[in-house]
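In what follows, a structure is listed as structure tokens, so that the remarks can point back to it.
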Number of protein chains: 2
Amino acid sequence: MVSINPNSKVDEDLVKEKEAAFAEFIQRRGLKTTRQRNTIVSTFFRMKGHISVEELLVEVKKANPRIGYATVYRTLHLLVESGLVEERRFGDGLARYEGHSAVEHHDHMICLECGMISEFYNPRLEALQEKLAEENNFEIYRHRLELYGACKDKEACQARKKQKEARAQGA
Amino acid sequence: MVSINPNSKVDEDLVKEKEAAFAEFIQRRGLKTTRQRNTIVSTFFRMKGHISVEELLVEVKKANPRIGYATVYRTLHLLVESGLVEERRFGDGLARYEGHSAVEHHDHMICLECGMISEFYNPRLEALQEKLAEENNFEIYRHRLELYGACKDKEACQARKKQKEARAQGA
DNA sequence: TGGAATACGAAAACTGTTTTCATTACCGAA
DNA sequence: TTCGGTAATGAAAACAGTTTTCGTATTCCA
């Protein structure tokens, strides 16, 4: 089991690299570099976790309050098309966006108590899926596996929950 | 690997059983038995596969054209609450409903070419997930695993695709 | 059978997302 | 360096799927 810790500091060099990759994508596509896009992209890459449009917009507005959500949506689509970001949906009816991490593919555990979303990757799990697909004469392009449940560490879980509620109050 | 074939005939006895279970649920909750609910529920249980609200409404209207989608939505929620039906979302932005099959839990393979949704269940897969959760100090309430890809049997797949397109034309 | 509680259907409201449209910004060519 | 065509922006409207509202109709217990 490889567990992925999303709590590490944002790597400034990596962010720069991603920004450059996006700039290149924009150019390759014949699109234009704009202040808004730069703001949104650089804000996005400096956030961590599984970011909703709402969350991103809040941060973006701190840098430039005139940016509206249409532009945020549009830029997120570009990020997805560029391959630098993936869109995910965890069933609460809103899209979340996630910069590609070092580990390309991974699955998710979602705590229904505190909202924590953690990532994991397990090669045996992947292999088993391939085997099952094979047996069904099916070719997998991609898959998604989500485990919904609760943290067993109740203290940490409750702490996260309170933190989250406090944040919701403040917003 | 246990594969689940959704193409079997509708078992009339099983449908009756489910209708009875729903009736009991309605009573237990102090709700009322209505013609509309009966129509919707019995229509639903006679359909197979992963049914969207739209699809169900079309069938329901054949029996009673005056039934609107509000009632269909409401009744589906009741079915879910009763535990007889599960709601699923496969990322195309609309809810699909599925009567509990003989095998309680199962995962899905979704063909992106022909739209086929097939079900499977594998105990090793389940066990492995439990193990991974355990290692992460996490308790699984439920999970979902979806394999997106394509049928390797291209002929069958193309046939299904054409059938689907024909149906879309007719609608 | 009367009447309170519940359900119905149509339409309005809601949520998250996409599109429209008039205006502004970008950027290569002159 | 300005010009001008193209693309991007922001506000608001549109959209799709779903939920809620509200006035009317139905259920079902006393």
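Throughout, a chain's letter reflects where its sequence line sits, starting with A, and its residues are numbered from 1.
Judged by atom type and distance alone, A/K32 reaches the base of D/dT6 through a side-chain donor-acceptor pair under 3.5 Å. For a distance-only test at 3.5 Å, the side chain of A/R89 fails to qualify as a donor-acceptor partner of the base of C/dG16. Checked by distance alone, B/R74 brings a side-chain donor or acceptor within 3.5 Å of a matching partner on the base of D/dT21.
Regarding A/N38, its CG atom lies at a distance of 13 Å from the P atom of D/dA8, rounded to whole Å. Across the protein-nucleic acid pair, A/R96 atom CZ and C/dG16 atom P stand 11 Å apart, rounded to whole Å. Put simply, CZ on B/R29 is 10 Å from P on C/dA7, counting in whole angstrom units. The distance between atom NZ of A/K61 and atom P of D/dA11, rounded to the nearest whole Å, is 7 Å. C/dT17 atom P lies 9 Å from atom CG of A/D92, rounded to whole Å. Residue A/I67 contributes atom CD1, which lies 12 Å from atom C1' of D/dA8 at whole-angstrom precision. Here the C1' atom of nucleotide C/dT17 and the CG atom of A/L56 are 15 Å apart, to the nearest Å. Put simply, OH on B/Y73 is 19 Å from C1' on C/dA7, counting in whole angstrom units.
Heavy atoms of other residues, nucleotides or ligands lying less than 6.0 angstrom from CD of A/Q27 number 12 at most. The neighbour count for B/E54 CD, taken as heavy atoms of other residues, nucleotides or ligands under 6.0 Å away, does not exceed 12. Within 6.0 Å of the CZ atom in B/R66, the count of heavy atoms belonging to other residues, nucleotides or ligands does not exceed 12.
The listed nucleotides are D/dG10, D/dT20, D/dT18; the one nearest the side chain of B/A70 is D/dT20. In this structure, of D/dG10, D/dA8, C/dA25, it is C/dA25 that holds the atom nearest to the side chain of A/R35. Side-chain proximity of B/A95 to the nucleotides D/dT18, C/dG16, D/dT9 is greatest for D/dT18.
Taking the nucleotide of DNA chain D with the nearest heavy atom to each of A/Y69 and A/R66, the more 5' of the two is matched to A/R66.
Taking only side-chain nitrogens and oxygens, A/H77 never comes nearer than 4.0 Å to OP1 or OP2 of C/dT17. Proximity of A/R37 to the phosphate of D/dT9: a side-chain N or O atom is located under 4.0 Å from OP1 or OP2. In terms of phosphate contacts, A/T34 brings no side-chain nitrogen or oxygen within less than 4.0 Å of OP1 or OP2 of D/dA7. Between A/Q36 and D/dG10 there is a side-chain N or O to OP1 or OP2 distance below 4.0 Å. Residue B/T33 places at least one side-chain N or O closer than 4.0 Å to OP1 or OP2 of D/dC28.
One finds a salt bridge joining B/E146 and A/R144 here, because a Lys/Arg side-chain nitrogen approaches an Asp/Glu carboxylate oxygen to under 4.0 Å.
Classified by interplanar angle (parallel below 30°, tilted 30° to 60°, perpendicular above 60°), the ring pair B/H77/B/Y73 is tilted.
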